[in-house]
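Reading through the structure tokens given below for one structure.
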Amino acid sequence: MPASPLAVVQAQLDAYNAKDLDALMATYAPDAQQFALHDALLAQGHDQIRPRYEARFVEPDLHARLLSRTVLGNFVTDLEIVTRNFPEGKGTVEMLCVYEVVDGRIVRASFATGETRV
């Protein structure tokens with residue numbers, strides 16, 4: 001039986017914070033899509049998603065702190081504060097992440113970026 005949508009998204013967040021690229025990619029379906037919320041396709045499939053996280057994982061202070069989570073069927077919405085290393089220095093950015101989970105893997109993820117503070 002596939003993992004619940006909640007368990008899949010939590011595993012994705014845990015892998016992100018551990019900078020464990022293989023564990024993170026295991027939470028995504030091979031043909032998964034990532035979007036800017038209500039906007040453009042950012043990446044499709046492991047070949048395009050993996051490099052996005054590889055680049056992010058070199059940031060020494062990278063960490064996502066979950067503020068709230070809502071689960072509705074196979075959709076999980078997270079509100080996070082992400083600590084990042086920007087060219088201007090260490091800071092935070094608000095993120096709204098909407099995940100659709102099918103058969104134990106994320107098939108679609110959409111991201112809205114809020115205020116950045118450096």
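Keep in mind the model is a prediction, meaning the values are calculated, not measured.
Note on Val8: it does not cluster hydrophobically with Leu96, by side-chain heavy-atom contacts below 4.5 Å among ILVMFWY residues. Transitive grouping of hydrophobic side chains (ILVMFWY, heavy atoms separated by less than 4.5 Å) brings Leu42 and Phe57 into a common cluster. Hydrophobic clustering of Ile, Leu, Val, Met, Phe, Trp and Tyr side chains at less than 4.5 Å, counting indirect connections, keeps Val101 apart from Leu79. There is no path of hydrophobic side-chain contacts, each under 4.5 Å, that joins Val98 to Val107.
Interatomic distance, CG of Asn17 versus CG of Leu62, reported as 7.0 Å (0.5 Å rounding). Separation of atoms CG (Leu13) and NE2 (His63) is listed at 7.5 Å; rounding is to 0.5 Å. With rounding to the nearest 0.5 Å, the separation of OG1 in Thr27 from OH in Tyr99 is 8.0 Å. To the nearest 0.5 Å, atom CE of residue Met25 and atom CZ of residue Arg105 are 9.0 Å apart. Atoms CZ and CD, from Arg108 and Gln33 in turn, are 6.0 Å apart once rounded to the nearest 0.5 Å. Here Ile81 contributes atom CD1 and Leu66 contributes atom CG; the two are 10.5 Å apart, rounded to the nearest 0.5 Å.
Every residue two or more places apart in sequence or in another chain was checked for a ring-ring contact (aromatic ring centres under 6.0 Å, His included) with Phe111, and none qualifies.
Residues Pro2 and Gly104 come closest through the heavy atom pair CB-N, 3.5 Å. Contact between Ala32 and Ile49 at its shortest, heavy atoms only, is O-CD1, 3.7 Å. Pairing each heavy atom of Gly73 with each of Pro5, the nearest pair is O-CG, 3.7 Å.
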Donor-acceptor contacts under 3.5 Å from residues 34-41 side chains, at least two apart:
from: Gln34; atom 1: OE1; to: Arg52; atom 2: NE; distance (Å): 2.9
from: Gln34; atom 1: NE2; to: Tyr28; atom 2: OH; distance (Å): 3.1
from: Gln34; atom 1: NE2; to: Tyr53; atom 2: OH; distance (Å): 3.1

Distance-only donor-acceptor pairs under 3.5 Å for side chains of residues 85-95, two or more places apart:
from: Asn85; atom 1: OD1; to: Asp61; atom 2: N; distance (Å): 2.8
from: Asn85; atom 1: ND2; to: Asp61; atom 2: OD2; distance (Å): 2.7
from: Glu94; atom 1: OE1; to: Glu115; atom 2: N; distance (Å): 3.3

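Using a 4.5 Å heavy-atom cutoff, the side chains of Arg69 and Leu6 are in contact.
No salt bridge links Arg65 with Asp78; every basic N to acidic carboxylate O contact stays at or beyond 4.0 Å.
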